[in-house]
Amino acid sequence: MVERVYLYDTTLRDGTQGEGISLSVEDKLKIVHKLDEIGIDYIEGGWPGSNPKDMEFFEQVKHVRLNHAKITAFGSTRRAGIPAREDANLQKILHSGVQAVAIFGKTWDFHVTEALQTTLDENLSMISESVQFLKENGLEVIFDAEHFFDGYKHNPDYALQAIQAAEAAGADCITLCDTNGGSLPQEIEAIVQEVVRRLSVPVGIHCHNDGELAVANTLAAVRTGARHVQGTINGYGERCGNANLISVIPNLQLKMGYQCIPEEHMKRLTSLAKYVHEVANQVPPSNQPFVGKSAFAHKGGIHVSAVLKHPETYEHIPPESIGNKRRVLISELSGQSNVLYKAKEWNYDLNKYGSRSREIIAKIKEKEHQGYHYEAAEASFELLVKQALGELKDYFTLDHFKVFVEKTGSETFTTEAVIKLHVNDQVVHTAAEGNGPVNALDHALRKALEEFFPMIKNMYLSDYKVRVLDEADATASKVRVLIESSDGKEKWSTIGVSTNIIEASWYALIDSVRYYFMKHEDALKDCPAYQLHTVKS
Ligand SMILES: CC(=O)SCCNC(=O)CCNC(=O)[C@H](O)C(C)(C)COP(=O)(O)OP(=O)(O)OC[C@H]1O[C@@H](n2cnc3c(N)ncnc32)[C@H](O)[C@@H]1OP(=O)(O)O
Ligand SMILES: CC(=O)C(=O)O
């Protein structure tokens with residue numbers, strides 16, 4: 001039978017101890033729903049004794065119907081020198097209305113004498129009396145053995161006495177914490193093995209990522225008997241973060257054969273990770289293992305060639321199994337296979353064009369050498385392919401444009417662009433103002449084309465980025481302009497490179513418009529200018 005590992009999510013508590021992470025009560029409630037849906041067993045909502053926001057969360061979450069997860073509160077053992085029933089933190093946990101609680105207690109003697117500034121015996125009493133008090137009040141109690149691994153390395157007898165005190169007082173699970181995140185997998189394995197041998201209650205693991213080993217250490221603990229795993233979505237957490245459940249889950253379930261969440265929910269991992277990044281207002285790291293945009297993005301030609309034959313040549317798991325997808329990138333490191341793959345994605349059968357894919361590759365490599373970066377501008381790449389195949393329509397041609405920037409005295413800058421284009425056999429000549437030269441050029445181009453292609457009103461520039469390519473040349477440097485455009489439904493990116501920023505912007509701008517027209521050729525039939533010729537490659 002498949003063995004079960006229980007998941008305890010602390011995104012809403014330890015996750016918010018990460019720099020830059022702050023969640024409102026509404027954010028926390030939204031995340032609770034998603035965690036419950038995917039099958040997390042315990043959701044630690046916060047520390048009721050810490051702040052009014054967490055108290056409000058526990059009030060509001062009482063009205064939320066969950067299918068699976070238990071909402072859990074967090075807190076510490078009682079303060080030194082007072083009875084547990086008089087401890088304000090423990091009282092607040094009881095009033096929070098939860099059925100389960102995790103309380104952390106000291107297991108490293110150094111922390112007892114230096115941080116708590118109390119005696120080793122008093123700390124053992126704090127642990128056992130706090131656990132007992134919460135148990136007597138009907139709660140499921142998880143004891144988080146703070147700094148357990150460091151404590152065990154310095155004074156194993158005391159560390160063991162501390163967790164045995166929690167067990168004797170009735171704790172339902174003892175979670176061993178690598179609080180400073182500095183332990184190595186082999187240390188975790190040996191220590192967890194020893195603890196599992198000595199305790200009768202289930203053992204859990206809670207790892208921090210200071211040595212970049214939180215996931216590895218968590219897996220090592222499970223290998224040697226831990227069956228309760230604590231972590232956060234996307235690895236948010238104090239300092240360098242906590243064990244990332246988004247990586248822990250597929251490793252345990254797909255590779256080590258444990259069951260953590262229902263099999264059919266595995267495909268939701270990618271969207272869960274993105275959702276939590278979004279709510280937490282974090283930019284998702286593209287190289288995040290398993291779920292990042294680049295996690296299955298193949299760039300090197302050798303890789304793409306092999307992946308097309310057998311995906312497992314360069315993929316450790318099928319991307320779809322966790323809801324991600326394979327991508328192929330175009331760059332100077334591409335081979336024919338990259339181009340064939342992309343062409344197939346766009347439904348072009350390059351095989352019928354003989355050696356064209358080689359010519360396309362040669363062109364890309366040459367352009368990338370000039371400063372182009374097609375990986376970030378797939379629309380420009382698609383135009384390049386279409387043009388090379390002789391299938392790109394000649395929507396308009398430029399006669400010339402002029403851009404004027406004027407400043408007189410204390411007046412603000414004014415900018416104007418004049419443009420002359422040919423659309424079929426007609427000439428169009430317009431001018432427009434803008435809040436800068438590229439904006440004025442964009443306005444003038446649109447104004448000129450609007451009469452022939454009214455659909456241009458539906459598209460707009462959604463992002464504009466400039467990067468200086470060879471800074472050593474200062475103001476004579478080459479610049480790369482990347483433009484992102486949208487029609488409200490789709491987004492596409494185009495590129496231009498030149499030593500002149502206006503010229504680079506122009507190339508990116510016209511690619512953006514040409515791409516839009518190319519993708520909506522059916523709609524172009526209703527446009528006054530529909531009599532298009534193809535562009536010579
Ligand atoms: C390993 C972890 O991640 S533990 C969780 C850490 N998270 C947080 O600290 C976030 C929430 N914390 C808070 O809101 C506040 O720190 C509070 C409300 C808990 C306490 O605030 P204050 O009463 O002002 O105390 P302060 O934060 O300055 O110091 C912590 C106190 O807790 C004591 N303490 C620390 N661990 C424990 C423990 N396991 N059991 C009992 N007391 C403890 C410390 O000795 C210190 O006591 P002192 O004030 O007598 O020196
Ligand atoms: C309990 C906890 O968060 C820790 O020891 O890291």
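Atoms within each ligand, like the ligands themselves, are counted from 1 in listed order.
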- [ ] Using a strict 4.0 Å threshold on nitrogen-to-oxygen distance, state whether D463 and K465 make a salt bridge.
- [x] yes

- [ ] Using a strict 4.0 Å threshold on nitrogen-to-oxygen distance, state whether E378 and R327 make a salt bridge.
- [x] no

TODO: Run the numbers for me: atoms of ligand 1, each under 4.0 Å from some heavy atom of K106, listed by number.
DONE: 36 (N)

Task: For the student: nearest non-hydrogen atoms of I233 and A273, plus distance - done: CG2-CA, 4.3 Å

Open item on the list: Between K309 and S305, is there a side-chain donor-acceptor contact under 3.5 Å, judged purely by atom types and distance?
Closed with: yes

TODO: Verify the distance criterion only: is there a donor paired with an acceptor across the side chains of T270 and N324 at less than 3.5 Å?
DONE: no

- [ ] May I ask you to list the atoms of ligand 1 that are less than 4.0 angstrom from any heavy atom of M126?
- [x] 40 (N), 41 (C)

- [ ] Please write down residue, atom name and distance for the protein heavy atom closest to atom 40 (N) of ligand 1.
- [x] T77 OG1, 2.7 Å

- [ ] Identify, for atom 47 (O) of ligand 1, the protein heavy atom at the shortest distance, and state residue, atom and that distance.
- [x] R79 NH1, 3.4 Å

TODO: Please confirm whether E146 comes under 4.0 Å of ligand 1, counting heavy atoms of the residue only.
DONE: yes

Open item on the list: Starting from atom 11 (C) of ligand 1, what is the nearest protein heavy atom, named by residue and atom, and what distance separates them?
Closed with: S50 OG, 3.4 Å

- [ ] Give the residue and atom name of whichever protein heavy atom lies nearest to atom 37 (C) of ligand 1, and the separation in Å to one decimal.
- [x] L116 CD2, 3.5 Å

Task: R78 to ligand 1, any heavy atom closer than 4.0 Å - done: yes

- [ ] Could you tell me whether H111 and H147 have their ring centroids closer than 6.0 angstrom?
- [x] yes

Task: Close aromatic pair by centroid cut-off 6.0 Å: Y275 and H33 - done: no

Task: Whether F148 and Y152 hold their rings parallel, tilted or perpendicular, with breakpoints at 30° and 60° - done: tilted

Task: Protein contact to atom 9 (O) of ligand 1 [nearest heavy atom, distance to 0.1 Å] - done: W47 CZ3, 4.1 Å

Task: Protein non-hydrogen atom found under 4.0 Å from atom 16 (O) of ligand 1 - done: no

Open item on the list: For N123 and S125: C-alpha separation, side-chain torsions, deciding distance, then whether side chain to side chain contact (heavy atoms under 4.5 Å, CB included) applies.
Closed with: CA-CA 5 Å; N123 179 54; S125 303; over 6 Å; no

Open item on the list: Check for me whether the distance between the ring centres of W346 and F381 falls short of 6.0 Å.
Closed with: yes

Open item on the list: Which protein residues come within less than 4.0 angstrom of ligand 2, counting heavy atoms only?
Closed with: R13, D14, D144, E146, C177, T179, H206, H208

- [ ] Would you mind running through ligand 1 and noting each atom that sits below 4.0 Å from a heavy atom of F74?
- [x] 5 (C)

Task: side chain to side chain contact (heavy atoms under 4.5 Å, CB included) evaluation trace for V481 with Y464 - done: CA-CA 7 Å; V481 169; Y464 173 84; 3.4 Å; yes

Task: Protein contact to atom 39 (N) of ligand 1 [nearest heavy atom, distance to 0.1 Å] - done: F104 O, 3.2 Å

- [ ] Enumerate the atoms of ligand 1 whose separation from the nearest heavy atom of A115 is less than 4.0 angstrom.
- [x] 45 (O)

Open item on the list: So if I count the atoms of ligand 1 from 1 in the order they appear, which ones are less than 4.0 Å from some heavy atom of Q17?
Closed with: 3 (O), 5 (C), 6 (C), 7 (N)

- [ ] Run down the list G105, G46, G49 and name the one with the heavy atom closest to atom 18 (C) of ligand 1.
- [x] G49

Open item on the list: If the threshold is 4.0 Å, N to carboxylate O, is there a salt bridge linking K267 and E264?
Closed with: no

Task: More than 12 heavy atoms of other groups within 6.0 Å of K135 NZ - done: yes

TODO: Verify side chain to side chain contact (heavy atoms under 4.5 Å, CB included) between V307 and R326, making sure each step is shown before the conclusion.
DONE: CA-CA 10 Å; V307 163; R326 176 175 310 127; 3.7 Å; yes

Open item on the list: If the contact criterion is a heavy-atom separation under 4.0 Å, does R13 count as touching ligand 1?
Closed with: yes

